[in-house]
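So you know, we letter chains A, B, ... as the sequences are listed, proteins then strands, and number each from 1.
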Amino acid sequence: MYKVVRKKVLNPTVTQMEILAPLVAKKAKPGQFIILRVNEEGERIPLTVAGTNPEEGTVKIIFQIVGGTTELLNHVNEGESITDFVGPLGVPTHISGKKKVCVVGGGVGCAIAMPIAQALHAQGTHVTSIIGFRSKDIVILEDEFKACSDVLHVMTDDGSYARQGNVCVPLNEMLSAGETFDEIITIGPLIMMKFVVAAAKPYNVPVTASMNPIMIDGTGMCGGCRLTLNVDGKKVTKFACVDGPDFNGYEIDFDEAMSRGRMYSDFERHAHEKVCNLFKKEAK
Amino acid sequence: MALEPKKHEMPTQEPEVRAHNFKEVALGYTEEIALAEAARCINCKNRPCVSGCPVNVHIPEFISKIKAGDYEGAYQEISLSSALPAVCGRVCPQETQCESKCTMGIRFEPVGIGRLERFVADYHNANSKVAPVAPESNGHRVAIVGSGPSGLTCAGDLAKLGYKVTVFEALHTAGGVLVYGIPEFRLPKAIVAKEVDTLKALGVEIATNVVIGRTLTIDELFEEGYEAVFVGSGAGLPNFMNIPGEAYKGVYSANEFLTRSNLMKAYLDDPVTPIMKGGKVAVVGGGNVAMDAARTALRLGAEKVYIVYRRSMDELPARKEEVEHAMEEGIDFQLLTNPVEILGYDNPEDRRDPKNGFVTGIKCIKMELGEPDANGRRRPVAVPNSEFALDVDAVVMSIGTSPNPLIKSTTEGLEVNSHGGIIVNEAGLTSRANVYAGGDAVTGAATVISAMGAGKVAAKAIHEALSAK
């Protein structure tokens with residue numbers, strides 16, 4: 001069992017938890033993920049590590065409530081435990097040697113982008129961060145990004161907070177004004193990452209995208225997380241759990257990844273409603 | 001008394017009934033049938049069956065004990081060689097192992113050794129009240145990577161010798177392929193759990209949720225005081241055919257399909273883990289895993305299930321009984337047939353059409369058997385202009401696996417062959433001192449019993465190395 005040491009509501013649909021898992025806390029690096037099960041009958045879901053405290057033995061996760069399992073997880077309180085927590089999985093984000101990096105996060109993807117930005121900042125990299133959200137009420141981690149970024153752009157789609165527009169707006173402005181980066185690291189919705197790649201392409205800036213496909217075991221056994229890369233005109237199948245989750249943004253077939261990501265969307269909606277109804281019944 | 005020429009038939013659930021439930025298909029011999037079948041063993045002098053068994057179970061001895069009505073004694077006799085009798089009696093390909101060597105088989109059908117083994121193991125599980133006792137510790141610590149058949153066997157043998165054994169398992173449940181791969185209707189999970197409990201009673205510690213190569217490395221295991229490590233991490237990444245359409249929704253690897261159903265219980269009516277149920281399903285491949293996937297699809301409610309295999313019935317690598325069961329249940333065998341493309345739904349008018357990207361069919365080509373290849377198996381060759389399509393909603397690729405790179409890439413000095421399998425000597429020792437390996441991680445996809453054999457060999461070698469210290 002893995003104890004929830006601290007829990008914090010970041011916005012109405014996004015929660016942060018720090019979970020006691022000393023072996024994982026000792027090893028996890030930015031860009032890696034964990035897989036958890038809330039209870040004995042539970043589903044396995046992957047979540048990216050949002051930070052660690054090796055001394056305390058805790059691992060920070062930030063998740064958006066989208067389906068049954070995340071709803072269930074959100075009902076676990078401080079001091080209570082979840083059944084399984086395994087990791088760290090995947091290859092850490094390559095950050096060493098980079099002098100100037102632009103980190104582009106979207107929505108809850110900012111939770112994954114944050115530890116990468118922090119690690120870059122800690123090694124002396126010049127960090128430009130662009131974080132984008134749908135609207136004001138779901139803005140998260142602004143202070144954390146402020147603390148580790150040399151330049152920070154906060155965007156909202158509807159303009160209800162900071163600047164109106166998507167993350168590509170400031171990215172385009174910077175690139176067209178002659179700004180250069182060793183690399184752009186992007187984490188967020190697939191459609192956003194696809195557009196970040198398109199924005200960077202005319203300027204030949206390398207783009208790394210962090211993928212979060214459907215997964216079961218997370219150790220390279222099931223192949224559910226496979227995605228297609230176009231490498232020098234050839235299609236190559238890769239597994240996000242062992243080969244990734246980071247991939248060269250120019251090679252990823254985003255359209256295919258988006259389609260595959262919707263495989264169980266009806267099921268997820270139904271599962272979420274089911275769990276919500278259960279909790280409503282309990283509350284009565 | 002005249003010898004019965006035929007093996008006693010295994011009582012099974014009726015095909016029409018079992019095709020709709022996940023309960024075990026084969027029901028096991030009754031005492032009466034077991035006694036009659038045991039009487040078919042002529043206790044021949046040269047005992048060829050024993051050499052046909054990868055772990056050399058004392059077959060004539062245990063059958064003699066059945067004849068005498070000493071079923072617990074028969075179990076103890078098997079236990080001397082096999083850590084998992086209830087498992088082997090169910091999943092071993094006896095027809096190519098012990099039973100293929102049986103003297104009775106020269107003129108008649110061989111003795112039903114596997115069925116008798118299962119009878120004995122089930123008798124023991126139902127009646128034995130003697131709990132295994134952990135032997136006195138010899139103070140040596142051994143780490144086992146993976147809780148599949150090779151790891152559990154290695155752990156069991158070492159624990160019985162007094163070693164302090166920890167088994168590290170990446171998933172949340174112990175058993176490896178026995179729990180994520182082989183379905184309930186062929187190997188009930190309660191049986192695997194019982195075998196694992198027996199090991200725990202012997203003092204084996206099972207650490208789930210630890211991925212060796214990530215959570216801990218093999219070097220760190222030595223730093224923590226383990227004196228030897230056995231790697232039984234199993235086969236790894238599922239293979240795909242690299243044909244167009246494999247990214248469509250509804251294309252699964254057999255590992256994914258079976259893991260969702262078996263380990264994650266997606267077969268339940270209102271499951272927590274989703275799986276595609278119903279419709280028409282094509283399973284590509286002809287091994288035991290393919291049979292398991294096809295029969296699982298049927299039980300999940302598929303209206304039609306195809307096995308698509310590029311060679312003919314004679315070359316089907318699956319266990320004979322599984323093929324027979326699958327045919328009885330109505331699985332449609334499309335033999336000498338090879339997929340060339342998976343077809344999917346695409347509505348160019350409406351990119352938001354929810355059906356977009358889902359599988360609609362599989363395009364195949366007819367094959368014929370050509371010249372034998374290097375292994376003597378006749379190579380299938382495509383028949384020109386023989387393409388045809390099957391309408392299906394899901395495709396399950398069951399064409400083998402490639403070794404997982406995780407342990408190799410995090411263990412310096414661990415050598416692997418060109419296929420990625422860990423290289424070992426005849427004692428199971430790898431290129432790294434005190435690191436042993438066995439099972440699918442070494443051989444690529446093979447059988448439960450050969451993995452158990454490898455676990456046994458390594459346990460013996462580890463014992464020799466550590467007791468000489």
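Annotation: residues 170-180 of chain B contacts chain A through Ala170(B), Leu171(B), His172(B), Tyr180(B) [non-hydrogen atoms, separation under 4.5 Å].
Looking at Pro354(B), neither its backbone nor its side chain comes within 4.5 Å of chain A, counting heavy atoms on both sides. For Ser265(A), no part sits under 4.5 Å from any heavy atom of chain B, backbone or side chain. In this structure, the portion of Ile214(A) lying under 4.5 Å from any heavy atom of chain B is its side chain and not its backbone.
A distance of 5.5 Å separates NZ in Lys27(A) from CG in Leu216(B), rounded to the nearest 0.5 Å. Separation of atoms CE (Met276(B)) and OH (Tyr264(A)) is listed at 7.5 Å; rounding is to 0.5 Å.
Listed by chain and residue number, nothing satisfies the ring-ring contact (aromatic ring centres under 6.0 Å, His included) test with Phe33(A) (two or more places apart in sequence, or in another chain). Residues satisfying the side-chain contact (heavy atoms from CB on, under 4.5 Å) criterion with Lys26(A), sequence neighbours excluded, are absent altogether. By the ring-ring contact (aromatic ring centres under 6.0 Å, His included) test, Phe63(A) pairs with no residue at all, sequence neighbours left out.
Here the side chain of Ser253(B) pairs no donor or acceptor atom with the backbone of Gly223(A) at under 3.5 angstrom. Of the possible donor and acceptor atoms, none in the side chain of Arg260(B) sits under 3.5 Å from a partner among the backbone N and O of Ile216(A). Judged purely by atom type and a 3.5 angstrom limit, Asn209(B) has no side-chain atom pairing as donor or acceptor with the backbone of Asp84(A).
Side-chain contact of Ser259(A) with Lys249(B): a donor-acceptor pair under 3.5 Å is present, judged by distance alone.
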TODO: For Arg37(A) and Met264(B), run side chain to side chain contact (heavy atoms under 4.5 Å, CB included): C-alpha distance rounded to whole Å, both residues' side-chain angles, the deciding distance at 0.1 Å, then the answer.
DONE: CA-CA 11 Å; Arg37(A) 282 201 317 160; Met264(B) 305 312 299; 4.3 Å; yes
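Chain A forms the most heavy-atom pairs under 4.5 Å with one residue out of Gly236(B), Gly357(B), Ser409(B), and that residue is Gly236(B).
For the pair Thr215(B) and Pro88(A), the tightest heavy-atom approach, listed with the atom from each and the gap, is CA-CD, 4.1 Å.
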